[in-house]
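Working notes for the structure below.
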Amino acid sequence: QVQLLESGGGLVQAGDSLRLSCAASGLTFTTYTMGWFRQAPGKEREIVAAISKSGTSSYYEDSVKGRFTISRDNAENTVYLRMNTLKPEDTAVYYCAASSRMGVNTTPPTYRYWGQGTQVTVSS
């Protein structure tokens, strides 16, 4: 049974930092591209960042470039999202997801497994 368990969300002020973690189990972690998505109320789920199986390639949505960093520890089956200089518009539920497809995938349908999500709220 595949499980993706996110942690690290919370309520912070604008300008603060958070690090999200996603611990994966029940799958061969190194054969999956990992992604972080977010969904704000009334909006569609969108890609935030994704990282290749080896960790050598990554993708960032334009609004988070230079502020967020995705990384993975294949020995610990964990993917991270470091979020700096948080803004109120970053407020959303953040989801970890795993894709077995080739490349660094950026759309939700290309991801097979999803976590339950963790809430990030940034106050102004």
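- To the nearest 0.5 Å, atoms OG (Ser63) and CD (Glu46) are separated by 6.0 Å.
- Side chain of Thr33 to main chain of Gly103: a donor-acceptor pair is present (N/O by atom type, distance under 3.5 Å, no hydrogens or angles).
- Of the possible donor and acceptor atoms, one in the side chain of Arg72 sits under 3.5 Å from a partner among the backbone N and O of Ser52.
- Partners of Lys43 according to the salt bridge (charged side-chain N to carboxylate O under 4.0 Å, His left out) rule, which considers only residues two or more places apart in sequence or in another chain, do not exist here.
- Heavy atoms from other residues, nucleotides or ligands lying under 6.0 Å from CD of Gln116 number 12 at most.
- Heavy-atom minimum distance, Asn105 versus Tyr111: O-OH, 2.5 Å.
- Nearest heavy-atom pair across Thr110 and Arg101 is CG2-NH1, 3.6 Å.
- Contact between Lys53 and Asn74 at its shortest, heavy atoms only, is O-ND2, 3.2 Å.
- Asp73 contributes a side-chain N or O that, together with a main-chain N or O of Ala75, makes up a donor-acceptor pair within less than 3.5 Å.
- Under the 3.5 Å distance criterion, the side-chain polar atoms of Thr56 are left unmatched by any main-chain donor or acceptor of Ser54.
- Using a distance-only test at 3.5 Å, with no hydrogens or angles considered, no donor-acceptor pair links the side chain of Thr69 to the main chain of Arg82.
- Residues satisfying the side-chain contact (heavy atoms from CB on, under 4.5 Å) test with Gln1, not counting sequence neighbours, are Gln3.
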Would you sort out whether Lys87 and Asp90 count as a salt bridge (charged side-chain N to carboxylate O under 4.0 Å, His left out), showing the intermediate values? CA-CA 5 Å; Lys87 303 176 180 181; Asp90 295 318; over 6 Å; no

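- Counting all heavy atoms, side chain and backbone alike, Trp114 lies closest to Pro108 at CZ2-O, 3.6 Å.
- Heavy-atom minimum distance, Ala14 versus Ser124: CB-CA, 4.3 Å.
- Contact record, Arg38 with Ala92: CB-CB, 3.8 Å, taken as the closest heavy-atom pair.
- Through direct or indirect side-chain contacts shorter than 4.5 Å among Ile, Leu, Val, Met, Phe, Trp and Tyr, Leu81 is connected to Val2, Leu4, Val12, Leu18, Leu20, Leu27, Phe29, Tyr32, Met34, Trp36, Val48, Ile51, Tyr60, Val64, Phe68, Ile70, Val79, Met83, Leu86, Tyr94, Tyr113, Val120, Val122.
- Here the side chain of Glu6 pairs a donor or acceptor atom with the backbone of Gly117 at under 3.5 angstrom.
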